[in-house]
Number of protein chains: 4
Amino acid sequence: MKFTNRQLDIIQAATKLIGEKGIQNLTTKNLAAEIGFSEAALYRHFKNKNVIISSILEYYKDEIKDVMFGIIQDSTTGILKLEKIIEFLFNRFSSNPAIIMIVFAETSFQNDIQLSEQVHSILKQKKMVFEQVILKGQNDGSIRMDIQKEQLATIFMGSLRLTVLRWRLSNMNFDLNKEGDILWSALAKVFIK
Amino acid sequence: MKFTNRQLDIIQAATKLIGEKGIQNLTTKNLAAEIGFSEAALYRHFKNKNVIISSILEYYKDEIKDVMFGIIQDSTTGILKLEKIIEFLFNRFSSNPAIIMIVFAETSFQNDIQLSEQVHSILKQKKMVFEQVILKGQNDGSIRMDIQKEQLATIFMGSLRLTVLRWRLSNMNFDLNKEGDILWSALAKVFIK
Amino acid sequence: MKFTNRQLDIIQAATKLIGEKGIQNLTTKNLAAEIGFSEAALYRHFKNKNVIISSILEYYKDEIKDVMFGIIQDSTTGILKLEKIIEFLFNRFSSNPAIIMIVFAETSFQNDIQLSEQVHSILKQKKMVFEQVILKGQNDGSIRMDIQKEQLATIFMGSLRLTVLRWRLSNMNFDLNKEGDILWSALAKVFIK
Amino acid sequence: MKFTNRQLDIIQAATKLIGEKGIQNLTTKNLAAEIGFSEAALYRHFKNKNVIISSILEYYKDEIKDVMFGIIQDSTTGILKLEKIIEFLFNRFSSNPAIIMIVFAETSFQNDIQLSEQVHSILKQKKMVFEQVILKGQNDGSIRMDIQKEQLATIFMGSLRLTVLRWRLSNMNFDLNKEGDILWSALAKVFIK
DNA sequence: TATGAATGAGGCTTCATTCAT
DNA sequence: AATGAATGAAGCCTCATTCAT
């Protein structure tokens, strides 16, 4: 196990707080109150607040990575993998909106060099995964080859992110899964050879 | 004029601070120090800090809007308009990276309802502009019609945003304009009928 | 003239501010806004804020003193003088409630030794006036002699002050003049021989 | 217990500060210094400064109420109750002058609607207690009946308050208990049938 | 493991006042 | 006579963190 139960409690509570009002809402006071114990107790489980944030990032990175690798291995063609991934992600965000602000948190941690680098590294890693999937798709003939995998990955991730962001900003007042379907039917036309 | 000179000084200094380390770096103390006067002096020019942030958002909204409308009217086909816009934006961000964190600041203001709505409204407005441009492109035959303008706008804005974000996170260690060209050649293939 | 016109404007505006929300509401900013000019302008007319407060105290001391001396000389018996005075005062407070907080401001200026002494001196002076009136009443046979003038003055002033205070605290939601009449009919029974 | 020990420390220190120089002297900085810990520590014991003030008011309201009810039940006739009460109050103020500014603080909180109402409500409650005592005195024949209990209460409380106020303004340079006796002998003559 | 108490640093804001124009 | 700009001091409050119990 990477985290103790108590640490998982904290990660979950922190996710909720960030999901509600952004990182500025993640104070030790709010966090302790959300969990239902004292602020001091937090320091039994994590060295400091930055380690908590860092752990949150790791936690969701792993969680999403695991599912994505499952999808990648199960699906046959590259284009199908992308379809399954987008389906999973929109579903995940839809059922747990709080994690959106963490998964797309790149701009939130400029403050702190170490967190900023961690966040950048996670983004690069995700991009590489998508590029590999797209490359396979180009090789298996399901994805067009006249556009480089890097640009297709940018288009895929970028439009996905923006759609999810709009959903958050609208206070989730449209059906994200439906919007995801519509986006995918557009992306599919764009990606197919 | 919408703002006094001193207000423009403050907006510029605030932009710099946010550009460097995010909104958490925009404190009254840092801001006053950046401008070179006392914290109290800020309050002669703006009612409070939220009004400063709000003004920054308005300022860059207007600035970018003006140029975009110029481009929209000058260029002939829809696809050319998009090309000019992307060129302008990458150039703008490249020459003044600080504004990136403001123009893409949507996640930064969840804290504050009013700012959050302002930021959402700006995003919606931008999306509509892109949709109109795309619609014209579809009517003039320069842009494909088998994908709805809304989805094309999402693809356009999303991939543009993600590219710029990666540049920031990489500490601007690649040539944003060149990357913009590459992205555009991909998008062009995607958009053309 | 003791004060210039501009100084009288300032005294009047300050009275209004204090009347509305107490001395804590008398800030240079509020005062300037109330008058309709700049804060800096205040310093053309008064050396500083304490001098303004001091002037307010003097102004109303004089104003009330003048009327009271008129009453004292006009009326015949001591008891009639008291009646006229109480009538005048309740009428004055009723028509201009703002001055109540100034005329009864003794607890407001503890902060500042000089103002505190000024306020004490005004109170002592008022008390002496009432004692003289009562003494005359005792001599002319209209006021009982078995209680010392000092105690009768305390009873008179004290009950008057408390009645007016209650009126202010109730947001002036009863008829002060009527309540003054009722109080006076009680006091008259108490004072008469 | 209504308050923790630390809260009582804070109430006591605040009382002292207000007693010395009025509410304007009750700043978080002064208060923390008086107690001997940091400003931040205050906020572990009270939510904010207004709650501190509110607590002070409650504390002394209760304290005085308890004693007064004891007196009311012990004494026989109405007039005797009044005598005991005045004796107790002058003694209390004499031995702890700081609380005077709190018990007579009605004009100090106009600034704040909630405090202002609290202070008004306390005053009304006290008035009612005195009116009840007086009513009993009128029924048991010890207090005159030709003046309404409301007016007698005003006379009683008003003259008491003014006497105490004069003592404070004079920097306590006369013997308050002795002055209380003198006042009472006057009031007794006034109240007795 | 947990907490109550405490704190230094810093947050935003208002205060009365000054000064050049 | 008046003002716009500025300021040092101070206001209230929250932050992340520590430590003794």
Side-chain angles (χ1 to χ4, degrees), chain A residues 4-6 9 24-32 35-53 112, chain B residues 4-7 9-10 23-33 35-53, chain C residues 4-7 9 23-32 35-53 112, chain D residues 4-7 9-10 23-33 35-53:
Chain A
T4 66
N5 283 342
R6 246 346 193 177
D9 288 349
Q24 311 217 39
N25 194 40
L26 181 68
T27 65
T28 51
K29 189 179 183 184
N30 288 351
L31 188 49
I35 297 166
F37 66 16
S38 72
E39 289 181 66
L42 292 171
Y43 291 83
R44 288 266 147 215
H45 302 285
F46 288 103
K47 189 174 171 265
N48 59 39
K49 194 183 148 185
N50 266 12
V51 175
I52 295 179
I53 297 175
D112 183 281
Chain B
T4 66
N5 283 341
R6 229 22 179 157
Q7 283 179 321
D9 289 348
I10 294 172
I23 335 96
Q24 312 217 39
N25 194 40
L26 182 68
T27 65
T28 50
K29 185 173 290 189
N30 288 350
L31 187 50
I35 297 166
F37 64 13
S38 72
E39 289 185 72
L42 291 171
Y43 290 83
R44 195 149 283 283
H45 301 284
F46 287 102
K47 191 174 172 274
N48 57 41
K49 193 184 149 183
N50 264 15
V51 174
I52 295 178
I53 297 176
Chain C
T4 66
N5 282 341
R6 246 350 193 173
Q7 283 179 322
D9 288 349
I23 337 98
Q24 311 218 40
N25 194 39
L26 182 67
T27 65
T28 50
K29 188 179 182 182
N30 289 350
L31 188 49
I35 297 167
F37 65 15
S38 72
E39 289 181 65
L42 291 170
Y43 291 83
R44 288 266 147 214
H45 302 284
F46 287 103
K47 190 176 171 264
N48 59 40
K49 194 182 148 184
N50 265 13
V51 175
I52 295 177
I53 296 175
D112 183 281
Chain D
T4 66
N5 283 341
R6 229 22 179 156
Q7 283 179 321
D9 289 348
I10 294 170
I23 334 98
Q24 311 216 40
N25 194 40
L26 182 67
T27 66
T28 51
K29 185 173 292 191
N30 288 349
L31 187 49
I35 296 166
F37 64 15
S38 70
E39 288 183 64
L42 290 171
Y43 291 83
R44 195 150 285 283
H45 301 285
F46 287 102
K47 190 172 173 275
N48 57 43
K49 195 184 147 182
N50 264 16
V51 174
I52 295 178
I53 297 176

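Naming: A, B, ... by sequence-line order, numbering from 1 per chain.
Among the atoms of the strands shown, none is found under 4.0 Å from any heavy atom of B:Ile35. As judged by a 4.0 angstrom heavy-atom cut-off over every strand, C:Leu26 is placed among residues touching the sugar-phosphate backbone only.
Interatomic distance, D:Ile10 CD1 to D:Asn5 CG, rounded to the nearest 0.5 Å: 11.0 Å. The distance from the CD1 atom of D:Ile52 to the NZ atom of D:Lys49 is 8.5 Å, given to the nearest 0.5 Å. Of the inter-residue distances, the one linking D:Ile23 atom CD1 with D:Leu26 atom CG reads 8.5 Å to the nearest 0.5 angstrom. Taking CG of C:Asn25 as the reference point, atom CG of C:Leu31 lies at 10.0 Å (rounded to 0.5 Å).
Atom CD in A:Gln24 sits about 20 Å away from atom P in F:dC13, given to the nearest Å. D:Asn25 has its CG atom 11 Å from the P atom of F:dC12, to the nearest Å. In this entry the distance linking CG of C:Asn30 with P of E:dC15 reads 6 Å, nearest Å. The nearest whole Å value for the distance from the CG atom in A:Leu31 to the P atom in F:dA16 is 9 Å. Computed from coordinates, the A:Glu39 CD to F:dC19 P distance equals 16 Å when rounded to whole Å. Separating the NZ atom of D:Lys29 from the P atom of E:dT7 is a distance of 15 Å, rounded to the nearest angstrom.
Within the structure, a side-chain polar atom (N or O) of B:Arg6 is placed less than 4.0 Å from OP1 or OP2 of F:dA6. The phosphate of E:dG11 (OP1 or OP2) has a side-chain N or O of B:Thr27 nearer than 4.0 angstrom. For E:dA6, neither phosphate oxygen OP1 nor OP2 lies less than 4.0 angstrom from any side-chain nitrogen or oxygen of D:Ser38.
Comparing F:dA16, F:dT3, E:dT7 against the side chain of D:Ala40 picks out E:dT7 as the nearest.
For residues 41-53 of chain A, proximity to DNA chain E is found at A:Ala41, A:Arg44, A:His45, defined as any non-hydrogen atom under 4.0 angstrom from a strand atom.
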### Message
With side chain to side chain contact (heavy atoms under 4.5 Å, CB included) as the criterion, how do B:Gln24 and A:Asp112 come out once you've worked through the C-alpha distance, each side chain's angles and the decisive distance to 0.1 Å?
### Response
CA-CA 10 Å; B:Gln24 312 217 39; A:Asp112 183 281; over 6 Å; no
Could you pull out every donor-acceptor pair under 3.5 Å between side chains of residues 36-46 of chain A and any protein atom, sequence neighbours left out?
residue : atom : partner : partner atom : Å
A:Ser38 : OG   : A:Ala41 : N            : 3.2
A:Glu39 : OE1  : A:Thr28 : OG1          : 2.9

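Remark: DNA chain F takes part in the stems E:2-21 with F:2-21, each of 3 or more antiparallel Watson-Crick or G-U pairs, criterion distances under 3.5 Å.
When all heavy atoms of A:Asn30 and A:Thr27 are compared, the closest pair comes out as N-OG1, 3.0 Å.
Nearest-nucleotide positions on DNA chain F place B:Phe37 closer to the 5' end than the other of B:Phe37 and D:Thr28.
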